[in-house]
Trainee: 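Sharing a structure below in structure tokens format, with a few things to ask.
Nothing here was measured: the structure is a model prediction, and the numbers come from that model.
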Amino acid sequence: MHYETVEPNHFLTLRKTPFPHVLIEQKLLAMAGGGQQGMDFRRKALTAAGWPHDGLTPFAKYPDKAAAAFNRIARALAGDPDCEQLLAALAAGDA
């Protein structure tokens with residue numbers, strides 16, 4: 001699936017349709033089966049993509065870093081990888 005480019009201002013505004021980072025998060029959760037496994041995988045993917053903060057730090061506090069991390073994940077998702085392939089691509093810098 002192709003995702004719209006995540007812009008830093010997406011974390012600071014509202015709109016009726018979901019922002020691309022929300023769709024990416026939903027995809028990450030679904031890839032790992034949802035629930036706690038999905039949340040753990042989401043955290044691992046964001047960390048591998050360069051998001052250096054814990055789950056308590058809002059993306060809006062560092063919108064440039066958040067946008068960069070989500071855009072890396074979106075590029076890595078383009079090939080429809082499984083969980084391990086996605087993490088490997090992010091760790092290798094292929095995205």
Side-chain angles (χ1 to χ4, degrees):
M1 178 178 187
H2 175 73
Y3 295 96
E4 176 186 342
T5 301
V6 179
E7 301 291 338
N9 69 337
H10 288 170
F11 302 101
L12 307 169
T13 59
L14 299 173
R15 72 179 188 188
K16 287 184 180 184
T17 58
F19 283 110
H21 67 278
V22 173
L23 299 174
I24 293 167
E25 284 186 294
Q26 290 172 350
K27 173 69 174 175
L28 295 174
L29 293 171
M31 285 176 70
Q36 188 59 49
Q37 288 178 336
M39 291 300 292
D40 290 343
F41 177 67
R42 173 191 163 276
R43 181 186 43 78
K44 287 177 186 176
L46 282 165
T47 300
W51 178 250
H53 305 286
D54 63 22
L56 299 176
T57 303
F59 298 125
K61 187 166 184 177
Y62 303 100
D64 293 330
K65 288 182 183 179
F70 276 106
N71 285 325
R72 283 194 65 213
I73 293 170
R75 286 190 299 273
L77 285 171
D80 198 28
D82 63 22
C83 293
E84 291 180 20
Q85 292 169 333
L86 177 68
L87 292 176
L90 292 170
D94 294 343

Trainee: Using every non-hydrogen atom in the two residues, find where V6 and N71 come nearest and quote the distance to one decimal.
Mentor: N-OD1, 2.8 Å
Trainee: Nearest 0.5 Å please: distance from the CG atom of L77 over to the NZ atom of K27.
Mentor: 6.5 Å
Trainee: Centres of the Y3 and F70 rings: under 6.0 Å?
Mentor: no
Trainee: If Ile, Leu, Val, Met, Phe, Trp and Tyr residues are connected whenever their side-chain heavy atoms lie under 4.5 Å apart, and connections chain through other members, are F59 and F19 in the same group?
Mentor: no
Trainee: Taking side-chain contact (heavy atoms from CB on, under 4.5 Å) as the test, write out the residues that go with P18, two or more places apart.
Mentor: V22, L23
Trainee: Let me confirm one number: the OG1-CD distance from T13 to E7, rounded to the nearest 0.5 Å.
Mentor: 10.5 Å
Trainee: Under the side-chain contact (heavy atoms from CB on, under 4.5 Å) test, which residues partner D54, sequence neighbours left out?
Mentor: L56, T57
Trainee: With sequence neighbours left out, what residues match A78 under side-chain contact (heavy atoms from CB on, under 4.5 Å)?
Mentor: none
Trainee: Anything under 30° is parallel, anything over 60° is perpendicular, the rest tilted; go ahead and classify H10 against H21.
Mentor: parallel
Trainee: Who pairs with E4 by side-chain hydrogen bond (donor to acceptor under 3.5 Å, both in side chains), at least two apart in sequence or on another chain?
Mentor: R15
Trainee: Shortest non-hydrogen contact from P63 to P8?
Mentor: CB-O, 3.4 Å
Trainee: Is there a side-chain contact between M39 and R43 in this structure, where contact means two heavy atoms from C-beta onward sitting under 4.5 Å apart?
Mentor: no
Trainee: Using side-chain heavy atoms (C-beta onward) and a distance below 4.5 Å, is H53 in contact with K61?
Mentor: no
Trainee: Give the minimum heavy-atom separation between T5 and P20, together with the two atoms involved.
Mentor: O-CG, 3.9 Å
Trainee: Which heavy-atom pair separates F11 from A67 by the least distance, and what is that distance?
Mentor: CE1-N, 3.6 Å
Trainee: Identify the heavy atoms of A89 and A76 that sit nearest to each other, and give their distance.
Mentor: CB-CB, 4.5 Å
Trainee: Give, for atom CD of E84 and atom CE of M31, the distance between the pair rounded to the nearest 0.5 Å.
Mentor: 10.5 Å
Trainee: Is there a donor-acceptor pair under 3.5 Å between the side chain of D82 and the backbone N or O of Q85?
Mentor: yes
Trainee: Any chance you could measure I24, atom CD1, to L29, atom CG, to the nearest 0.5 Å?
Mentor: 12.0 Å
Trainee: Does Q36 have any side-chain hydrogen bond (donor to acceptor under 3.5 Å, both in side chains) partners at least two apart in sequence or in another chain, and if so, which?
Mentor: D40
Trainee: Not counting sequence neighbours, which residues clear side-chain contact (heavy atoms from CB on, under 4.5 Å) with A49? List them please.
Mentor: A69, R72, I73, L90
